[in-house]
Structure formats: C-alpha cells, structure tokens
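Positions are given from 1 along the sequence. We count ligands from 1, going down the list as the structure has it; atoms in each ligand are counted the same way.
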Amino acid sequence: MSQSELLVSSWCKNAKSLPADYIMPPEKRVTDFTVSKEIPVLDLEHEAGPGRSALIQQIIKASQEFGLFQVINHGVSDELMHETMSLYEEFFNLPVDDQEKLFSDDFFSSVRLYTSGYNYANEDFHLWKDTLKHLTHPLEDVVQGWPDKPSRYREVMTKYSVEVNKMTTRILDLICEGLGLEEGFFRGEMTKGIGMVINNYPPCPEPDLAMGIHPHCDPYILTIIQQQVYGLQIKKKEQWIGVEPIPNAFVIMIPYQLQVISNDKLRSCEHRGVTNSSTARISIVTFCGPSKDCEIGPAKEHVSASNPPRFKKYKYLDFQINYLHQLSKKNLCNETALGPYLL
Ligand SMILES: O=C(O)CCC(=O)C(=O)O
Ligand SMILES: [Fe+2]
C-alpha cells in the first residue's frame with residue numbers, strides 16, 4: 001500500500017462504520033458541549049480611530065477568558081477567503097498519485113502531507129483527518145516547495161499568506177499595546193516562523209466514536225483559523241464549547257508563547273476538532289511563531305516583586321522539541337508542555 005492510500009479521504013467514501021483503530025476509547029470520545037454565542041466577535045475596523053482602546057481591551061479580555069476570539073472587517077477580502085477554501089476543497093480531492101510526493105514523516109520538513117496525528121505508525125488510535133503543512137516565510141525561499149496542483153496553488157497561497165500576515169501583524173500590534181510591551185515587540189525574530197496547516201476532516205460515519213484532532217494548545221505566538229463548517233471546540237472552565245463558524249470571519253487563538261510572555265496574564269487556548277457525518281470540514285490554519293533561536297520568557301513589563309516570573313527563559317527550539325516529545329508520548333497538556341519551564 002502506498003503511503004497516500006492511508007489518507008482518510010482516499011478510502012472513507014465507502015466506509016459504513018469506523019475501522020477499529022479509529023474508535024476512541026470511551027474517555028476520549030466527544031460528549032456534551034454547547035455551541036457558544038458568548039465567544040467575542042471583534043470588529044477590526046475600530047483599530048484606527050476613537051474605538052481603538054476599547055478594541056484593545058476587548059482583545060485582552062477575550063484572550064484572558066477564552067484564549068480565543070473571532071474577528072470581522074479584518075482586511076482580507078471575502079473573495080480571497082472563498083478562493084482559498086475552494087482551492088483546498090480541490091486539493092484534498094486530487095488523485096492519490098498527485099498527493100504521494102508530498103507525503104512525509106518528518107515533522108520539520110518544510111512541506112508535509114500526512115494523515116492523523118504527529119506519528120501515524122506509533123498511534124494507538126488514529127484521527128479522522130488529513131493534513132497539509134508548509135511554511136510561508138520567507139516566501140521567495142519556500143514557494144518552490146509548495147504543491148503545484150491545483151495549478152493556481154502557488155498564486156492563491158502567495159496572495160493569501162501576504163494578506164493574512166498583514167492582519168496578523170495588526171492583531172499582534174494591538175496585543176502588544178494591550179500588554180504594555182515595547183512597540184514592535186512581536187516584529188522580527190518573534191514572528192519569523194510563519195506557515196500553514198490545512199486540515200481536512202471528511203464526513204465520518206460514526207462521529208460520536210471518532211476524533212478529528214485531540215485536545216491540545218498550539219505551540220506558537222498566534223494561530224489564525226478560517227473555517228466554514230462547525231467542528232472546533234475550546235475548553236473553558238472544564239466545559240467544552242463549540243466555536244460557531246461566522247462567514248468571512250477569522251478565529252484568533254492564543255498559543256503557549258503568549259501565555260509565557262504575558263507571565264500567565266493571557267491563557268493558551270485548549271482546543272480540539274470534532275467530526276460530523278454529513279459535511280467535509282476544512283480548517284485553514286495560519287500559524288505565526290518565533291524563529292528557532294529566539295529566546296522566550298516572561299516580558300519585563302509583566303514581572304515585578306509582587307508578580308514574580310512563573311516561567312524560566314528558554315530557546316523556542318527547545319520548547320518545540322519538548323512539545324514534540326510530549327506529543328509522541330500522547331500526554332500533551334499544559335502541565336507537560338510548560339512543565340520544564342515552570343518556576
Ligand atoms: O480544525 C481546527 O479548527 C483546529 C485545528 C488545530 O487545532 C490545529 O491544526 O492545530
Ligand atoms: Fe491547534
């Protein structure tokens with residue numbers, strides 16, 4: 001069997017039930033949750049003008065309470081968002097032969113198509129998803145490695161990553177101001193590791209027994225998600241709540257590095273992906289993280305005699321290595337990802 005024949009999308013159309021190795025043990029299954037209307041939807045149009053400081057406060061409050069918010073009027077056009085979603089619908093329907101050459105087991109590979117989680121061969125239970133991952137920065141160095149099918153792939157992705165990165169910079173500047181950090185704190189080495197993770201969750205015959213993506217927090221500085229079908233859930237006060245897809249909005253998520261830099265003021269968002277039986281779901285995830293050698297630790301503005309540092313300083317590469325190690329031991333949670341750096 002070729003590796004790409006492992007892709008869920010390549011065999012699931014005829015599946016009437018879940019193969020045994022896709023059935024989650026009862027404690028890992030999706031149980032009760034509510035789709036929440038309380039997750040803030042923030043209007044980035046207020047960035048310039050008298051509403052700026054209110055917007056910044058809303059961003060910080062949402063990042064403390066939920067570790068997540070949605071944004072509208074963000075400057076990325078509806079057409080481009082739509083064009084990018086249809087590009088990926090086509091990509092995940094390409095013949096298996098076209099996908100074979102993109103398959104890779106190497107987590108650090110600059111382009112990688114894979115199925116399920118971090119390490120398929122080592123998993124007790126597989127996830128109901130296929131994923132394409134690649135870097136988008138520096139564009140001129142990485143474009144040549146991107147998929148060349150559908151034929152417009154590189155053109156559309158170049159436009160999308162430029163526009164999404166502009167929005168990301170604006171949001172990080174607002175967070176910077178809200179946290180009282182020096183101007184430009186998140187520019188430069190803090191945000192050089194930029195790329196995409198595109199997840200495809202095909203319709204699943206038994207969604208109650210399956211999992212799309214296990215609960216986790218992201219390792220980056222900021223995560224930006226485009227979704228149009230429901231399936232993303234976040235954990236708040238031990239309750240799972242669903243994030244409602246809003247047309248043309250982006251979901252903005254707080255990962256571990258912002259929790260550390262803010263010395264626990266912002267919380268990293270624990271989230272998971274669930275499946276459904278009727279509609280394929282694609283999530284287009286842009287991640288923005290530090291360069292490998294970047295040093296991370298609580299910012300001086302968030303440390304004082306009455307608020308001592310809660311984390312040691314570390315090099316981002318060390319964090320990534322520990323994160324992967326924990327992922328492969330299947331026990332990733334806040335304690336294990338941040339554990340080695342807790343003071
Ligand atoms: O599918 C989603 O909405 C979330 C995906 C995700 O959490 C990830 O790729 O890290
Ligand atoms: Fe994630």
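- Contact shell of ligand 1 (protein heavy atoms, cutoff 4.0 Å): Val197, Asn199, Tyr201, Ile213, His216, Asp218, Leu232, His271, Arg281, Ser283.
- Remark: aromatic rings of Tyr160 and Trp146 are distant, center separation not under 6.0 Å.
- For the pair Glu47 and Arg170, the salt-bridge criterion is met [side-chain N within less than 4.0 Å of a carboxylate O].
- Annotation: Glu183, atom CD; neighbour count of heavy atoms from other residues, nucleotides and ligands within 6.0 Å does not exceed 12.
- Between Glu182 and Lys300 there is a salt bridge, since at least one side-chain N of the basic residue sits less than 4.0 Å from a carboxylate O of the acidic one.
- Side-chain atoms of Thr223 never come within 3.5 Å of backbone atoms of Ile252 as a donor-acceptor pair (strictly under, hydrogens ignored).
- The neighbour count for Glu238 CD, taken as heavy atoms of other residues, nucleotides or ligands under 6.0 Å away, does not exceed 12.
- Residues Tyr88 and Tyr153 bring their aromatic ring centres within 6.0 Å.
- Within the protein, the number of N/O/S atoms found under 2.8 Å from the Fe ion (ligand 2) is 3.
- In this structure, Tyr114 has its ring center no closer than 6.0 Å to that of Phe103.
- In this structure, the ring of Tyr220 has its center less than 6.0 angstrom from the ring center of Phe287.
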